[in-house]
Amino acid sequence: MKINEFINSNLPAVKTLISELSHESFDSHDFIQAFSKKFESKYVSFLKQYTIQPHRIVHSQLALYLEMNSIQLSIEKNTNVSSVTVFGCKSVNKLWNKMK
C-alpha cells in the first residue's frame, strides 16, 4: 500500500492527529514524528520498501501528502522553517497553520 492510499483510508485518524498537535502552527517534521508514533508498524513497513535513503523518501512522501491535500486536511502553508529531523539534523521544511 502506498502512503497516500494509507492516509486516505485513515483520514479521520490523520485529521485527529493534526488537530492534537500542540500548536496552531506545526512543521512537517512535527507531523512526521506524530505520524510515525501513531502508525508505527505501518510507518516501519513504508521504510522497508526502500533500501536507499528510506527515511528521506518516506518523509518526503508524507510532506508531499500534506501539500497536495492541505484543503482536505484543513491546513494551509505558512512559510519555510528550519527544524530538527528524527536524526537530530537541522533541515528546511514547511510550516503549516491549522485552519479553523
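All residue numbers refer to positions in the sequence shown, counting from 1.
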Enclosure of Glu24 CD (heavy-atom neighbours >12, cutoff 6.0 Å): yes
Nearest-0.5 Å distance, CE of residue Met68 to CG of residue Asn4: 10.0 Å
Verdict with reasoning, Leu62 to Ile7, per side-chain contact (heavy atoms from CB on, under 4.5 Å): CA-CA 9 Å; Leu62 287 168; Ile7 294 176; 3.9 Å; yes
Within 6.0 Å of NZ in Lys42, more than 12 heavy atoms from elsewhere: yes
Among Ile32, Asn80, Val81, the one residue meeting side chain to side chain contact (heavy atoms under 4.5 Å, CB included) with Asn93: Val81
Atom pair CG (Leu47) and OG (Ser36), whose distance is rounded to the nearest 0.5 Å: 9.0 Å
Distance-only polar pair, side chains of Ser28 and Trp96, donor-acceptor under 3.5 Å: yes
Working for side-chain contact (heavy atoms from CB on, under 4.5 Å), residues Phe26 and Leu95: CA-CA 6 Å; Phe26 63 94; Leu95 183 68; 5.7 Å; no
Gln61 CD to Gln49 CD distance, which is reported to the nearest 0.5 Å: 7.5 Å
Leu66 backbone acceptor or donor facing Asn69 side chain under 3.5 Å: no
Whether Phe46 and Phe35 hold their rings parallel, tilted or perpendicular, with breakpoints at 30° and 60°: parallel
is_close_aromatic(Phe6, Phe39), centroid dist under 6.0 Å: yes
Lys98 side chain vs Glu76 backbone, donor-acceptor pair below 3.5 Å: no
Backbone N/O of Lys2 and side chain of Glu5: donor-acceptor pair under 3.5 Å: yes
Non-hydrogen side-chain atoms of Tyr65 and Val14 separated by less than 4.5 Å: no
Where His29 and Val84 come nearest, the two heavy atoms and their spacing: ND1-O, 3.6 Å
Under 3.5 Å: donor-acceptor pair, side chain of Asn10, backbone of Ala13: no
Linked, directly or transitively: Leu17 and Met1 (ILVMFWY side chains, under 4.5 Å): yes
Nearest non-hydrogen partners of Ile75 and Met99, listed with the distance: O-SD, 3.8 Å
Distance-minimising heavy-atom pair for Thr85 and Ser91: CG2-CB, 3.6 Å
Donor-acceptor contact below 3.5 Å, side chain Lys48 vs main chain Tyr43: no
Same apolar cluster: Ile3 and Tyr50, side chain cutoff 4.5 Å: yes
Derivation and outcome, side-chain contact (heavy atoms from CB on, under 4.5 Å), residues Asp27 and Lys94: CA-CA 6 Å; Asp27 66 28; Lys94 300 267 188 273; over 6 Å; no
